[in-house]
8 protein chains.
Amino acid sequence: MTLKVYLSGEIHTDWREQIVEGAKGLDVAFDAPVTDHDASDDCGVRILGSEDQKFWHDHKGAKLNAIRTRKAIADADVVVVRFGEKYKQWNAAFDAGYASALGKSLIVLHGADHQHALKEVDAAALAVAEDPIQVVQMLRYVLSGALPD
Amino acid sequence: MTLKVYLSGEIHTDWREQIVEGAKGLDVAFDAPVTDHDASDDCGVRILGSEDQKFWHDHKGAKLNAIRTRKAIADADVVVVRFGEKYKQWNAAFDAGYASALGKSLIVLHGADHQHALKEVDAAALAVAEDPIQVVQMLRYVLSGALPD
Amino acid sequence: MTLKVYLSGEIHTDWREQIVEGAKGLDVAFDAPVTDHDASDDCGVRILGSEDQKFWHDHKGAKLNAIRTRKAIADADVVVVRFGEKYKQWNAAFDAGYASALGKSLIVLHGADHQHALKEVDAAALAVAEDPIQVVQMLRYVLSGALPD
Amino acid sequence: MTLKVYLSGEIHTDWREQIVEGAKGLDVAFDAPVTDHDASDDCGVRILGSEDQKFWHDHKGAKLNAIRTRKAIADADVVVVRFGEKYKQWNAAFDAGYASALGKSLIVLHGADHQHALKEVDAAALAVAEDPIQVVQMLRYVLSGALPD
Amino acid sequence: MTLKVYLSGEIHTDWREQIVEGAKGLDVAFDAPVTDHDASDDCGVRILGSEDQKFWHDHKGAKLNAIRTRKAIADADVVVVRFGEKYKQWNAAFDAGYASALGKSLIVLHGADHQHALKEVDAAALAVAEDPIQVVQMLRYVLSGALPD
Amino acid sequence: MTLKVYLSGEIHTDWREQIVEGAKGLDVAFDAPVTDHDASDDCGVRILGSEDQKFWHDHKGAKLNAIRTRKAIADADVVVVRFGEKYKQWNAAFDAGYASALGKSLIVLHGADHQHALKEVDAAALAVAEDPIQVVQMLRYVLSGALPD
Amino acid sequence: MTLKVYLSGEIHTDWREQIVEGAKGLDVAFDAPVTDHDASDDCGVRILGSEDQKFWHDHKGAKLNAIRTRKAIADADVVVVRFGEKYKQWNAAFDAGYASALGKSLIVLHGADHQHALKEVDAAALAVAEDPIQVVQMLRYVLSGALPD
Amino acid sequence: MTLKVYLSGEIHTDWREQIVEGAKGLDVAFDAPVTDHDASDDCGVRILGSEDQKFWHDHKGAKLNAIRTRKAIADADVVVVRFGEKYKQWNAAFDAGYASALGKSLIVLHGADHQHALKEVDAAALAVAEDPIQVVQMLRYVLSGALPD
């Protein structure tokens, strides 16, 4: 069994690297959005032409990013969504809803202070964790049955 | 043609009432989540028994609310998601993603200050509006072809 | 919103009657399997001809009952599965799995002594209750937002 | 043609080993749940934190196990469900229903004494067998057309 | 529960009338193909213009009939397929396969002499009967639980 | 049997009126796009605010119209697509492809001069006609089995 | 592009071998049912135990064969169904209907004398041929664009 | 992540070659229709026998081409549809609609003069470009996050 895992959400800490590093040796194929903030914001106008209105500037970029995001979520077995300390992160919650409607196994990763605000997202998940290492432990258990010491 | 419209998101202003009132006479069937904040938070423990942990208290409630929400979104032709001025509103973004994955026509309603943070949600929508009256005008146009004066 | 609710499982107590009675006045359409034990066991051979082997006797009946069960689960918004005190009740667990794979909202109803044995079924449910009155209270809340006093 | 086969159900005898051993040389990819009883029961709390309530202890574990089970059933061509002599085994029946709703080819494996209680499960199956060697013979026939001597 | 039943197959005896007559008073909505043999054969060219080649003459008609057949099968809960004594009746077997792939409950109606030739079709069915009155009895049982005396 | 029929394509002749008029008395529910050319072009900016760029002016309108079009095609049993003498009519061909992928019964209506250019669209259709009266005759035949004199 | 092609139907001539031989060098993966008539008839009872009734003898075999057939059709891009000169061949027509409902590209292969009786099956096909070499030519064209000399 | 990209539409310029050439080194698998105009027009009659009527001549060819087109679109992650300067190109718009209904990521490629006529097609797309090099830039960005200098 190979698990395809999509890592959605926060792009300002190294949580993806921690998971990918920790999962070395496991039969997991990871995917993620473009995490270069500036590239992600400007990709639409850089390739398809500039816009006067900020709305359309963002619109072109968000749609281009959706080509990657939609395929990655559709291909995934497990979608991990990380909510960080800052920002609105509505795209993370949107991904969680999108993945949930497709029947993907959802893992949510967030600190205790977001617990109440994320209760609907957590309720749709198969696991709620605080630390990226827990995601690694879950992937290892799901693939091999081995538990942490 | 009868349009089934689900009104998701913010529960602290009267935007739902404005839309329902404005759409009187149109062939629209509206649905919405339970908008009584306290009932929505406590429904799980009130019916299924109390919990010591806030996480499980919220979990029971969020799952019970999901019975209503999932059916309403699955039945809807159009899902309107309103982002208000305050709070995280991750459940609104979750509903938007869920509706989008099911191929529902999505209308997003928010103020200009949320434009950049909502760009991925807006990119999945068929319309982005600021004022509830615009939703009424769209429903009227979709059903009858009539535009506002 | 009309809720279509299928009442699956135990046929030796009056839990269905308690729920239907308690839900009077709510916009709920209930459905259930044939609960006459003898008719349910013998329907196949009574209509389609007798069988020497018990396996085929049961097979014919179970398939004929499946015409009703499959349609009722496919049509349902909510599937309530009741596990009683006695018997194997594998058909109840089968219905729960079937409903879960179709994305139906699942409510499981069982006593505390079955908790561990039903943990996988409970994990797929949106609510786990012990008493039929709790199902009524949930249906009322889902439809109207009203909580029990 | 490669057959993907998921072996669900009883974890207290060596029936999986018999099938896997017997099918050596056939183009079959087997999958199974975690069959270490203790690990399966405790995985949730071991990774995600302990719980005071047995219900939530079990809930966390059952959901984590569902990540593996759901993927394996969704990927399978054939789901073999074994009912042993003891225990309630509701998760086995749940898997059978889940697989059936997804249109998987279902093979049920059980002794004669469970025949009547499993009639609805058997009615949804393409084959009902008593001995693991029969499953091997069926896989060989399906893949190669060769029958046992 | 209303059952939608499509009556496919043989058009040279009055089996449909027997079923519809026998099911009077039951909550069943019947549908059927156009059973006027000449109209069914010639409908395409009569409306869309004549053809020199018999193949295209038949092709136009068969496609026009498919508008009715496909909708009726797609809408049905139960598809009854009758194989008569004569003719190839490949369209009946085609309908059976089509209905089976859509997950419809299939009832096959044929005489004993066709048993071996129809074994694959029968294997996909939930019931195999010889007499139209058995279909009526099954519909009554499915809807009401009542068995014939 | 009620047929839901969506009338897509050309908006500059009265072909829709001919079909609706001719089908009086038949159990058909017709639907169509907004056929007021100016309203259809300008609906987006009239309701959601003006745009400097023609592309976004058109974009807003086309998306708003899609709310109606998508629902109508999704609800339809039969989609009739009319290609007139003039204009590119790419939206008509788009609707035909969209309907075809959803498995709708497709009827194409066009003059002989468009035959070669429409061969891929015609190949996906169950009927190709030149005159709206033929559509009426087909609907009558599909519903009642009656052929034109 | 690799084409997965399932060869359904007649088992008494060497048409499959002709196609497989002719398609050598093309990127095609062929699959077929078990074509050993006796094995196909008796597989059920040989593995799962004998039956007194011919109906159940056949039933067990047909269901076991369905494990292979359903997977092969579900996996196929193209389903070729051959109707030979003799026998009822209802399973071939059943496969055609099953494949059609799943949206597979259907090629039907039969002699001119079966033209009228197969008109509904042909109407669901993307090609109707008489000679296996035409199937080879079509596969070559579909994969490479090369036409026969 | 490997992207499967289908290049639909105009066959009279070298836009496909530009994209394939530009995308060298990227993890993209391209597919396309048969672009030999004569072969595409005549394939049906060349393999399956000549027709007197141009309609059926074209019909046979269009259906044979559909075997390739449908599989390619169904397999694709991204469908690029190019509208050239000339011809009706209704098959391009049909492919766009077909791809859109299947939820594929759609990229439309056309000159400014077609902007208004293609507004419904553009509205269903995730990107609208004028130059094939922009498609290459988008594929590179989607796969690697790298933007053009």
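In the text below, chain A, chain B and the rest are named by the order of the sequence lines, each starting its count at 1.
Of the two parts of H/A146, neither the backbone nor the side chain holds a non-hydrogen atom closer than 4.5 Å to a non-hydrogen atom of chain A. With a threshold of 4.5 angstrom between heavy atoms, A/S40 approaches chain H through its backbone and through its side chain. Looking at A/D31, the atoms closer than 4.5 Å to chain H (heavy atoms on both sides) all sit in the side chain, from C-beta outward. At a 4.5 Å heavy-atom cutoff, the contact between H/L143 and chain A is made by backbone atoms alone.
Pairs engaging residues 115-149 of chain H under the ring-ring contact (aromatic ring centres under 6.0 Å, His included) rule: none recorded [sequence neighbours left out]. Among pairs with a residue in residues 95-115 of chain H, those fulfilling ring-ring contact (aromatic ring centres under 6.0 Å, His included) read F/W90-H/H114, at least two apart in sequence or across chains.
Residues of residues 55-81 of chain H having a heavy atom under 4.5 Å from any heavy atom of chain A, listed by number: H/D77, H/V78. By a heavy-atom distance cut of under 4.5 Å, not one residue of residues 7-21 of chain H is near chain A.
What you find for H/A129 and A/L48 is that their closest heavy atoms are CB-CD2, 3.8 Å. The two atoms that bring A/I47 and H/Q134 nearest to each other are O-NE2, 3.0 Å, heavy atoms only. Closest non-hydrogen pair, H/G145 versus A/V34, comes out as CA-CG2, 3.8 Å.
Atom CG of H/D52 has 12 or fewer heavy atoms from other residues, nucleotides or ligands within 6.0 Å.
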